[in-house]
Protein chains: 2
Amino acid sequence: ILRAVNLNKAFFMGEAIYAVNNVSLTVGKGEFVAIVGPSGSGKSTLLSLLGGLDRPISGDVILDGQRYSKLSENGLALLRRRHLGFVFQFFNLIPHLSALENVALPMRFNRLARTAVTARAQELLETVGLGSRLRHLPLQLSGGEQQRVAIARALANNPAVVLADEPTGNLDSKTREEMASLFEKLNREQGQTFVVVTHDEGLTGCAHRVIHMRDGQIEKIA
Amino acid sequence: ILRAVNLNKAFFMGEAIYAVNNVSLTVGKGEFVAIVGPSGSGKSTLLSLLGGLDRPISGDVILDGQRYSKLSENGLALLRRRHLGFVFQFFNLIPHLSALENVALPMRFNRLARTAVTARAQELLETVGLGSRLRHLPLQLSGGEQQRVAIARALANNPAVVLADEPTGNLDSKTREEMASLFEKLNREQGQTFVVVTHDEGLTGCAHRVIHMRDGQIEKIA
Ligand SMILES: Nc1ncnc2c1ncn2[C@@H]1O[C@H](COP(=O)(O)OP(=O)(O)OP(=O)(O)O)[C@@H](O)[C@H]1O
Ligand SMILES: Nc1ncnc2c1ncn2[C@@H]1O[C@H](COP(=O)(O)OP(=O)(O)OP(=O)(O)O)[C@@H](O)[C@H]1O
Ligand SMILES: [Mg+2]
Ligand SMILES: [Mg+2]
């Protein structure tokens with residue numbers, strides 16, 4: 001469902017730093033892929049290319065037959081809104097919207113009735129243990145609570161692929177296990193496709209496949 | 001060296017949420033204390049009270065004999081700058097300053113020569129593995145790199161106490177081990193006092209004492 005072909009992304013700081021260096025990979029529909037690797041190895045950069053949030057200097061990404069290189073900025077924004085769910089490394093919640101409104105936001109572009117949207121947003125927040133924090137603004141939430149709102153928001157639209165960058169980095173072990181079993185359950189029962197950058201062995205353990213990155217390249221696919 | 005006496009901090013969202021509920025604790029000079037607990041249990045709030053970044057609704061904090069309740073906002077700012085080092089849960093680097101300048105900043109208030117400040121900042125960044133990222137701005141760094149700059153900055157001034165909130169949440173296992181042995185080494189060789197909120201068992205393993213929080217209270221001190 002998601003394919004990367006010869007992706008390259010470099011930053012120029014006096015010399016060229018290849019954050020992503022000739023990376024190709026294929027993600028099947030319903031697959032749970034984990035990406036691991038040392039700090040600075042290019043995982044977040046790769047994820048932003050897979051999500052169309054950034055343009056490679058060469059190579060392409062194809063989601064469900066759509067080539068990113070053929071899409072305008074608006075076309076990419078539309079594709080992301082409809083087909084992708086994101087958990088960013090720094091969560092990126094909308095600061096002036098409550099937890100409930102943050103989770104409801106991706107669904108507002110669908111044809112669902114307001115009540116259905118609010119009900120689903122509430123249900124997702126209860127699933128991640130935040131039923132008592134619906135009206136809180138991001139700044140009124142703990143680090144791990146913000147991270148869980150971001151997870152709920154990424155799942156809201158039943159996206160073709162969930163791209164998650166360190167979704168459990170700020171959680172205690174019990175909550176981490178709960179999030180790992182949530183992902184595993186959605187993958188197994190609903191066929192939700194996941195691409196998860198993580199250091200969490202609870203998550204890599206659930207994955208069908210673990211991709212290792214080092215210095216911008218894919219080391220091995222185990 | 002650091003003492004909390006009957007600290008209370010509540011937020012009012014329709015009903016009162018006691019993020020910190022009658023907490024008292026004592027940290028000895030040269031001690032390495034870890035604070036663990038579920039997401040939302042009050043760890044970051046407690047740390048912000050210990051650091052004088054927030055005022056409790058009752059209770060007090062005493063650092064090296066100085067009572068926070070007796071200090072003005074300016075007095076607290078001065079105390080923080082001179083005697084405390086912080087790693088925040090979301091790093092809080094200055095966005096328009098390079099890694100080097102971010103680490104140098106706490107030292108600029110001392111009487112050190114510019115060259116000595118820059119040399120120490122560079123040395124600290126090399127110690128956390130970022131010798132090749134000195135000129136990068138925070139936005140040009142990976143999540144784990146930003147976190148390590150924040151660690152280097154917290155250590156820069158040889159503060160009386162380092163207060164760190166999830167200092168390794170965004171690091172891979174190898175880098176996490178390196179940070180844990182760095183803290184352990186500074187504690188053992190230089191008597192650096194640490195109060196570290198963490199889920200990382202590599203860090204709790206180094207601690208003299210592990211404090212457990214739950215629902216705003218200290219559960220047990222093991
Ligand atoms: N400004 C605020 N207004 C209302 N509630 C708040 C505010 N800040 C924190 N809280 C609530 O207080 C509780 C404790 O928050 P805190 O950030 O201290 O938790 P934590 O232990 O650091 O959690 P985590 O491990 O997820 O970072 C949380 O349940 C949070 O929702
Ligand atoms: N805008 C930029 N300008 C210059 N260099 C950058 C920029 N963004 C990232 N880099 C560099 O590219 C490399 C890869 O960054 P990336 O954020 O993808 O790493 P990562 O694997 O996600 O790391 P972490 O596990 O620490 O989050 C890093 O070494 C970083 O310093
Ligand atoms: Mg990253
Ligand atoms: Mg916290």
Side-chain angles (χ1 to χ4, degrees), chain A residues 11-15 17 19 35-48 88-92 98 128-130 132-148 165-166 168-176 178-179 197-201 204 212-214 216, chain B residues 11-15 17 19 35-48 88-92 98 128-130 132-148 165-166 168-176 178-179 197-201 204 212-214 216:
Chain A
F11 300 104
F12 300 94
M13 305 276 300
E15 41 153 29
I17 297 172
I35 301 178
V36 302
S39 172
S41 54
K43 308 179 295 295
S44 297
T45 307
L46 175 60
L47 218 65
S48 68
F88 296 99
Q89 195 163 8
F90 303 111
F91 323 147
N92 291 25
S98 70
V128 298
L130 296 177
S132 63
R133 294 284 182 272
L134 303 178
R135 304 270 176 272
H136 283 235
L137 295 175
L139 270 184
Q140 296 169 323
L141 294 170
S142 78
E145 289 168 345
Q146 290 179 39
Q147 194 159 38
R148 284 180 277 160
D165 199 344
E166 309 285 359
T168 58
N170 273 284
L171 303 175
D172 56 288
S173 53
K174 176 158 174 292
T175 319
R176 251 186 285 142
E178 288 168 11
M179 292 305 106
V197 168
T198 185
H199 304 308
D200 179 354
E201 290 172 12
T204 57
H212 292 253
M213 279 192 82
R214 181 177 292 280
Chain B
F11 299 104
F12 300 94
M13 306 275 302
E15 40 154 29
I17 297 173
I35 300 178
V36 302
S39 173
S41 54
K43 308 179 294 295
S44 297
T45 308
L46 174 59
L47 218 66
S48 68
F88 296 100
Q89 195 163 6
F90 302 110
F91 324 147
N92 292 23
S98 70
V128 299
L130 295 177
S132 63
R133 294 285 182 272
L134 303 178
R135 304 268 175 274
H136 283 234
L137 295 176
L139 270 184
Q140 296 171 323
L141 294 170
S142 78
E145 290 169 347
Q146 290 179 38
Q147 193 160 40
R148 283 181 278 158
D165 200 343
E166 309 284 357
T168 59
N170 273 283
L171 302 174
D172 56 288
S173 54
K174 175 156 174 292
T175 319
R176 251 185 286 143
E178 287 168 11
M179 292 306 105
V197 167
T198 187
H199 304 309
D200 180 354
E201 291 172 11
T204 56
H212 292 251
M213 276 191 86
R214 181 178 293 278

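Letters A, B, ... mirror the listed sequences (proteins, then strands); counts begin at 1.
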Problem set entry | Side chain / backbone / both / neither for A:S39 at chain B, heavy atoms under 4.5 Å | both
Problem set entry | Which portion of A:E166 sits near chain B, non-hydrogen atoms under 4.5 angstrom | side chain
Exercise. Of the backbone (N, CA, C, O) and the side chain (C-beta and beyond), which part of B:F90 lies under 4.5 Å from a heavy atom of chain A, both, or neither?
Worked result: side chain
Problem set entry | Max heavy-atom pair count under 4.5 Å with chain A, selected residue of B:N170, B:V36, B:L141 | B:N170
Exercise. Could you state the interatomic distance from OG (A:S132) to CD (B:E15), rounded to the nearest 0.5 Å?
Worked result: 8.0 Å
Problem set entry | Under 4.5 Å from any heavy atom of chain B - which part of A:I17 | side chain
Exercise. For chain B, which of A:H136, A:E145, A:R135, A:R176 has the most heavy-atom pairs under 4.5 Å?
Worked result: A:H136
Exercise. Where do B:G37 and A:D172 come nearest, in terms of heavy atoms and distance?
Worked result: O-CB, 3.7 Å
Problem set entry | Reported CG-to-CD1 distance for the pair B:L47 and B:I35, which is rounded to 0.5 angstrom | 6.0 Å
For this session: For chain A, find which of B:L171, B:T175, B:T198, B:T45 contributes the most heavy-atom pairs closer than 4.5 angstrom.
Result: B:L171
For this session: Sort A:E201 into side chain, backbone, both or neither according to what part of it lies under 4.5 angstrom from a heavy atom of chain B.
Result: neither
For this session: Mind listing the closest non-hydrogen atom pair of A:R214 and A:S41 along with its distance?
Result: CA-CB, 3.9 Å
Problem set entry | Donor-acceptor pair, side chain of A:K43 and main chain of A:H212, under 3.5 angstrom | no
For this session: Starting at NE2 of B:H199, measure out to CG of A:D200 and round the result to the nearest 0.5 Å.
Result: 11.0 Å
For this session: Calculate, to the nearest 0.5 Å, the distance between atoms OG and CZ belonging to A:S142 and A:R133 respectively.
Result: 8.0 Å
Problem set entry | Side chain / backbone / both / neither for B:S44 at chain A, heavy atoms under 4.5 Å | neither
Exercise. In terms of heavy-atom pairs under 4.5 Å, which option from A:K174, A:Q147, A:R148 contacts chain B the most?
Worked result: A:R148
